[in-house]
Amino acid sequence: MARTALPGRLGERLRWRVATLAAHRDETAGARTLVLDVPAWPGHLPGQHMDVRLTAEDGYSTQRGYSLASAPGAERIELTVQQVDGGEVSPYLVAGMALGDQVEVRGPVGGWFVWRPESTEPVLLVGGGVGLVPLMSMIRTRRAEGSAAPFRLVYSVRAPADRLYLPELLDGTGTPTAVVHTRSAPEGSARPPSRLRAEDLTVHGWPAEQAPTCYVCGPTGFVEHAAGRLVALGHAPERIRTERFGPTGG
Amino acid sequence: MPVISRGFHGRKQTNQDRLPPGQYEVRDFPVLSAGPTPMVSTDDWEFTVVAESGTRRRWSWADLMALPSEQPTVDLHCVTKWSKFDTRWEGVSLDRLLEGVETTAAYALVHSYGGYTTNLPLEDLRHGRAWIAYRYDGADLSPEHGGPARLLVPHLYLWKSAKWVRGIELLAEDRPGFWEGAGYHSYGDPWREQRYRGD
Amino acid sequence: MSQTSVPTTTAGRPAPQPAYLDGNALAGPLSDVFAVDLTTAATHCTGCGAEGPLADLRLYGRAPGLVARCPSCDQVVLRLVRTPDHAWLDLRGTATLRIRVPAD
């Protein structure tokens, strides 16, 4: 059973820890999963994120937040980073960082956008692009814990080549998954490419009467749009949790 | 002592003598904002100077356009550590706008559409050191960079160059603006690295 | 309708895309100051009275500091500035901050 990873009392502040790149996996042409060794990692809840700090030799330092992709309980943690055009940090993490290289991490943090493995109510996950990352942590945790909580995922990408976590996403998660394409759909696809529609959520999601907890993650525009559709379909706003990603410098 | 990430270069430093302490040069023009971008039409735009007596002088967009303009080329220094050299602007000098405003006030509080404020000594708006700028790099100033018009006072950190400027209040006593009230330095001289209160 | 309409200015140019994130991204910076997670804390906007978790505030982070605004009325609820040796936290935009404290 994963530890709670949410300190509840004033006491020791989170400190920066050294993380060493132990392995990596290309997910798509522009996204890579980093597998990091972090000594004394306290564990995390699915949905939480970390701040990652990089310091150059001249002392210049910057940081970015990344969601944990892995389920808790493993020795190592995983992040999935999408390259941002003209970004400052993502090109290093996606292509420059080599095995043995180090960054500093602060985390896990975030108590809102989390799924607790002991919950049993239905869950609807709605991810846009790299917004899938924290949702994947939830999906992997559910599977690892043997949870019977009903999960469904609706995943919006521009084109099939942008799908993360293949083949696991379609074969190995145990969570029914529908992929919707916004710019170009596979040959013979019944659904023409378009932004996420209410119909995608009713066909592939849970009806509002089932009162699922909804987790929506992705770029701000996507989150506003998807959350708006869920509310319009009758999902209670207090059962919709959102996390917005965006360029904070790249 | 932070751990070094091998191979991470971040921003490169060049032109060291033109850089105030702690700054690095950028070639792009980062957009920083504390809120949604105000969308102000030039049909509705007004700029008002309010003296400590309460006397107001107001300019419409047409009034501003009718004034002689200048085309300063200046370096910009943002407190978030980036500097951009040789930026080209067009605008009306504050000396011209303050002409004929009767005041003994020592301080100014600058107000922007959207609610942003920043404060500085009135002297720092005079003597050819400040403009209401409406063109950048040969084109109309875009909303994300403060258009239709922004204050430009480049000898101080860029947070003093209030975007979407709408007016200036002249005050006998200094009053902290948006960032000055939240830990930033009241004056903000990049050459003395006055970033935070107490520096 | 597959596309929501893009707001335009009176001149017809499209307004910029949302440039904010949300209060989830405050979790790390606030952990410099507090060991308790505050993203689940309930805020109460002094401008319009809207209540909600800190995580739902609109976060503008590309600035000299972090600015979190009410998602209903855009009023500044919270400001966080980090200097080398201080964290300035301005909460004047929320009447209260309700923080869940686990029972002993």
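On a predicted model such as this, the values are computed, not experimentally measured, just so you know.
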Just how far is it from atom NE2 of B:His9 to atom OH of A:Tyr60, taken to the nearest 0.5 Å? 13.5 Å
A:Asp101 and B:Phe8, any side-chain heavy atoms less than 4.5 Å apart: no
Taking the side chain as C-beta and beyond, is there a heavy-atom pair between B:Ser5 and A:Met97 under 4.5 Å? no
For atom CD of B:Glu70, decide whether the heavy atoms of other residues, nucleotides or ligands shown that lie under 6.0 angstrom number more than 12. yes
Pick one of side chain, backbone, both or neither for A:Glu104, based on which atoms fall under 4.5 Å of a heavy atom in chain B. side chain
A:Val18 versus chain B, the contacting section by heavy-atom distance below 4.5 Å: side chain
Minimum heavy-atom separation for A:Thr55 and B:Val3, please, with both atom names. CB-O, 3.6 Å
Indicate the atoms forming the closest heavy-atom contact of A:Ala56 with B:Ile4, along with that distance. O-CD1, 3.6 Å
